[in-house]
Amino acid sequence: MKPRIKEMIREAVHALSQEGAIKTANLPEIIIEKSRKDEFGDFATNVAMLLTPLEKRPPREIAALIAHKVAASALVKKCDCAGPGFINIFLKEEFWFSILKEILDRGAEFGRCDVGKGKKVLLEFVSANPTGPLHIGHGRGAAVGDALARILGAAGHEVTKEFYVNDIGKQVFTLGRSVYYRCLELQKEKKEVIDGFLQRLQDDYYKGAYIRDVAEEYLARLGGKGETLDANLSNLPQENWFVINSAGYALISFAKGRLLDAIKKDLADFGVEFDGYFSEASLYKPRNIVDETIASLKDSGFAFDDDGALWLKTMELANDDKDRVLIKADGAKTYLASDVAYHRDKLDRGFDILVNVWGADHHGYEARIRAALKAFGHDPDKLRIIFIQLVALLRNGVPVPMGKREGEFVTLRQVMDEVGTDACRFFFLMRKSDAQLDFDLELAKSQAPENPVYYVQYAHARIKSIMAHAGDAALGIDADALNLLKEKDEINLIKHLALFEEAVERAAVEMEPHRVTYYLTELAGIFHPYYNKHRVVTGDPGLTAARIQLCKAAATVIANGLTLLGVSAPDKM
RNA sequence: GCGCCUGUAGCUCAGUCGGAUAGAGCAACUGCCUUCUAAGCAGUGGGCCGGGGGUUCGAAUCCCUCCAGGCGCGCCA
């Protein structure tokens, strides 16, 4: 819609320059905005102010010239200048009816665009360790990542959703030990054996109740195969547990597989589906991609030896505070080494844009990955990191205690089950992701006007209900009937529907899904008053038909928007 | 100490590629269900946009500085 207006301005300026009325032939990047007040027309542009320094004339003088030209356009009712040099454009109703027609014609396609130009995007999100259930923070990341995938897709990108699984390293050992400890308990092992093992853990084990469930399943599985728990495991040192002992390896494999399945189940129920799960272990076997990556970094001179360790030149590459270690003095690779290799692999797979959705506490890590991209000869701006701030869970305004240490953190599952996936996702998408989010469980559940989820969904259900009530009156209407929509509220509603395209485009370009949430809340805030003021189904068949079309377009836009958020658009509530 | 994020109405937050008189929801108060869904609507009050300086026709928005809060600065993952 705005491109049409912009083109109109461009033509006017071009014509003026041909006539010699102004000097500038090609426009700077002008802004077209929807006017905030009726007296400022439908759209306003700052073009005259931007031309002022080039033309060396007062903005109002230039504005007057342009306004005069624009006023002659076919779809323009009136065009004048105001304030410091704004040009206010008043469009004829026909313009808005043509937009309405377009929305009805495009249906589910309305809102899609091609700013992405088919670029291949790898969107990595959630990437939780397979050592426990997803908590509420992961939920926010999941909601944001998934909505972003949908939005980028709608804006013409080719999106791949990936979950990076940290299935090797210290924390899966901790997982194994934790499960083993619960196994000993369940077997009612001698007190001194349990205490001895617990002593060795030095409080470094997962304490959540789910560990016990996994332990129970594991024992049952062993029993089913006629095997018993390997008692020797309790004597082994912590670090090399699974490397030197096949029983330990089996236990860890079982536990992390079990927990990853649980994570997948949570995500599926949350409406999030990944295109792929990328295993960190797969970077080491069957091919050792990490070693290959490190070798290439050495070759290119971006990695160097010092103090017995191997370092990546992150200071030189990305202005990091210090260089970072890839291989420790003891020969072990760091987590960063894996991650650098992983990102090289992403690039090798031919993606144009890499988007990572990370917890905000990882922001110090950004420079390191950016450095890696640069070391591989890629533009570091290919990488875009979306940081997710904390979620503060409240109940009736009172904070819900969250202490991961004691294993009593709130899981996504609990919240999802309590408030429903629609409300849960919508709430996660209400704020921009780098702002802390207050999530009130009672508010999310409440079926009251203060709950924005239902406010939007209700508008959709209402329209569907009206259409059901209208029955055949809604059918078989030709486009000309639309000009029966004479009410200011109706034109205003169409105007807002038209803005959906821009909301989606902006959400995609800025990678800010919350813009869609806001847009929908505003749209519902325009529809509900319209519904209350004007009756759709009346004795006048023509007007009824026209209004049904308007409502239908509104329902379409709401449904399209909610779909982008991964929230349902119910026909009945 | 250095880096990143945040500071806008009583509360939670939009608006931040510079634009006209700074917006919404909640909370508070007053009304509206015999009529297409009251999970709704109409109305009222509410602001040194953290402070100060600068840039210019114009600053919540850009620059500098200070203040307050959060996070990060491991040969952890």
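Convention: sequence-line order gives letters A, B, ...; per-chain numbering from 1. Source: prediction; values computed, not measured.
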> Just how far, in rounded Å, is P of B:C76 from CG of A:Asp204?
Replying inline: 14 Å

> What residues, two or more places apart in sequence or in another chain, satisfy salt bridge (Lys or Arg N to Asp or Glu O under 4.0 Å) together with A:Asp320?
Replying inline: A:Arg324

> How long is the line joining CD of A:Glu33 and C1' of B:U16, in whole Å?
Replying inline: 14 Å

> Touch check for A:Asp307, heavy atoms < 4.0 angstrom, all strands: base, sugar-phosphate only, or nothing?
Replying inline: base

> Do the ring planes of A:Trp358 and A:His362 sit parallel (below 30°), tilted (30 to 60°) or perpendicular (above 60°)?
Replying inline: tilted

> Among B:C5, B:A38, B:C36, which is the nearest nucleotide to the side chain of A:Arg462?
Replying inline: B:A38

> How far does the P atom of B:A60 sit from the matching atom of B:C26, given to the nearest Å?
Replying inline: 27 Å

> If you look at every strand shown and take non-hydrogen atoms under 4.0 Å, does A:Asp323 touch a base, only sugar-phosphate, or nothing?
Replying inline: nothing

>> Using the P atom as the point on both nucleotides, what is the distance between B:U6 and B:C41, in whole Å?
In response: 32 Å

> Out of B:U21, B:A20, B:A38, which nucleotide sits closest to the side chain of A:Ala44?
Replying inline: B:A20

> What residues, two or more places apart in sequence or in another chain, satisfy ring pair (Phe, Tyr, Trp, His ring centres under 6.0 Å) together with A:His469?
Replying inline: none

>> B:G15, OP1 or OP2 - any side-chain N/O from A:His514 closer than 4.0 Å?
In response: yes

> In whole Å, what separates the C1' atom of B:C5 from that of B:G43?
Replying inline: 40 Å

> Are A:Thr174 and A:Arg177 close enough that a side-chain donor and a side-chain acceptor fall under 3.5 Å?
Replying inline: yes

> Rounding to a whole Å, what distance do you find between A:Tyr518:OH and B:U16:P?
Replying inline: 12 Å

>> Could you tell me how far B:C66 sits from B:A59 if I compare only their P atoms? Round to whole Å.
In response: 24 Å

>> Between the base of B:A20 and the side chain of A:Asn46, is there a donor and acceptor pair under 3.5 angstrom?
In response: no

>> Ring centres under 6.0 Å, that's the criterion: do A:Phe86 and A:Phe40 meet it?
In response: no

>> Would you call the rings of A:Phe427 and A:Phe439 parallel, tilted or perpendicular, taking 30° and 60° as the class edges?
In response: tilted

> Within this structure, what is the NZ-to-C1' distance between A:Lys445 and B:A39, rounded to whole angstrom?
Replying inline: 16 Å

Atom pairs, protein N/O to nucleotides 57-63 of chain B N/O, distance under 3.5 Å:
none

>> With rounding to the closest Å, how many angstrom separate the C1' atoms on B:U61 and B:U56?
In response: 14 Å

>> Does the protein touch nucleotides 67-74 of chain B at the base, only the backbone, or not at all? Give it as B, S and - per nucleotide, heavy atoms under 4.0 Å.
In response: ----BSSS

>> Over 60° means perpendicular and under 30° means parallel, so tell me whether A:Tyr519 and A:His496 are parallel, tilted or perpendicular.
In response: parallel

>> With rounding to the closest Å, how many angstrom separate the C1' atoms on B:U30 and B:G45?
In response: 11 Å

> Where does the angle between the aromatic ring planes of A:His514 and A:Tyr518 fall among parallel (under 30°), tilted (30 to 60°) and perpendicular (over 60°)?
Replying inline: perpendicular

> How many Å lie between NE2 on A:His528 and P on B:C41, as a whole number?
Replying inline: 6 Å

> Rounded to whole angstroms, how far apart are CD on A:Glu505 and P on B:C17?
Replying inline: 15 Å

> Which residue, A:Gly525 or A:Asp571, contacts RNA chain B at a nucleotide closer to its 5' end, judged by nearest heavy atom?
Replying inline: A:Asp571

> Among the nucleotides B:C75, B:A20, B:A39, which one has an atom lying closest to any side-chain atom of A:Met573?
Replying inline: B:A39

> If you pin A:Asp330 and A:Glu522 to their nearest nucleotides in RNA chain B, which one's is more 5'?
Replying inline: A:Glu522

> What is the nucleic acid contact for A:Thr334, judged by heavy atoms within less than 4.0 Å: base, sugar-phosphate only, or nothing?
Replying inline: sugar-phosphate

>> Students often get this wrong, so: under 4.0 angstrom with heavy atoms, is A:Asp167 touching a base, only sugar-phosphate, or nothing?
In response: nothing

>> Using a 4.0 Å heavy-atom cut-off, does A:Phe387 contact any base of the nucleic acid, only the sugar-phosphate backbone, or nothing at all?
In response: nothing

> Any side-chain N or O of A:Tyr454 less than 4.0 Å from the OP1 or OP2 oxygen of B:A39?
Replying inline: no

>> Please determine whether a side-chain nitrogen or oxygen atom of A:Tyr455 lies at a distance below 4.0 Å from atom OP1 or OP2 of B:A38.
In response: no

> Under 4.0 angstrom, heavy atoms only, what part of the nucleic acid is A:His460 near: base, sugar-phosphate, or nothing?
Replying inline: nothing

> Using Watson-Crick and G-U wobble pairs whose two distances are both under 3.5 Å, how do you write the pairing of RNA chain B as dot-bracket, with | for links to another strand?
Replying inline: (((((((..((((.....[...)))).(((((.......))))).....(((((..]....))))))))))))....

> Looking at B:C75, B:G15, B:A38, which one has an atom nearest to any side-chain atom of A:Tyr531?
Replying inline: B:A38

> For the pair made of CZ in A:Arg431 and P in B:G7, what is the distance, rounded to whole Å?
Replying inline: 12 Å

>> So, under a plain 3.5 Å distance rule, would you say the side chain of A:Lys432 forms a donor-acceptor pair with the base of B:U6?
In response: no

> So, do A:Tyr455 and A:His528 have ring centers that fall under 6.0 Å from each other?
Replying inline: yes

> Can you list the residues that meet the salt bridge (Lys or Arg N to Asp or Glu O under 4.0 Å) rule with A:Asp540, with sequence neighbours excluded?
Replying inline: none

> What's the base orientation of B:C36: syn (chi within 90° of 0) or anti?
Replying inline: anti

> Would A:Arg506 and A:Glu510 pass as an ion pair if we require N to O under 4.0 Å?
Replying inline: yes

> In whole angstrom, what separates A:Asn319's CG from B:C4's P?
Replying inline: 10 Å

>> So, applying salt bridge (Lys or Arg N to Asp or Glu O under 4.0 Å) with A:Glu490, which one of A:Lys533, A:Lys495, A:Arg547 is it?
In response: A:Arg547

> Roughly how far apart, to the nearest Å, are B:U44 and B:C67 at atom C1'?
Replying inline: 36 Å

>> Between the side chains of A:Lys333 and A:Asp291, is the shortest nitrogen-to-carboxylate-oxygen separation below 4.0 Å, so that they form an ion pair?
In response: yes

> Crowded around A:Lys346 NZ? As in, over 12 foreign heavy atoms under 6.0 Å?
Replying inline: yes

>> Does the structure show A:Tyr458 stacking with B:G40, if we require the centres to be closer than 5.5 Å and the planes to be within less than 30 degrees of parallel?
In response: no

>> What's the gap between B:U8 and B:A14 when it is taken at their C1' atoms, as a whole Å value?
In response: 10 Å

> Picking from B:G40, B:U37, B:G19, which would you name as closest to the side chain of A:Phe86?
Replying inline: B:G19

> Given B:C41, B:A20, B:C36, which nucleotide is nearest the side-chain atoms of A:Arg535?
Replying inline: B:C36

>> Apply side-chain contact (heavy atoms from CB on, under 4.5 Å) to residues A:Phe125 and A:Val144 and explain how you reach the verdict.
In response: CA-CA 9 Å; A:Phe125 61 110; A:Val144 170; over 6 Å; no

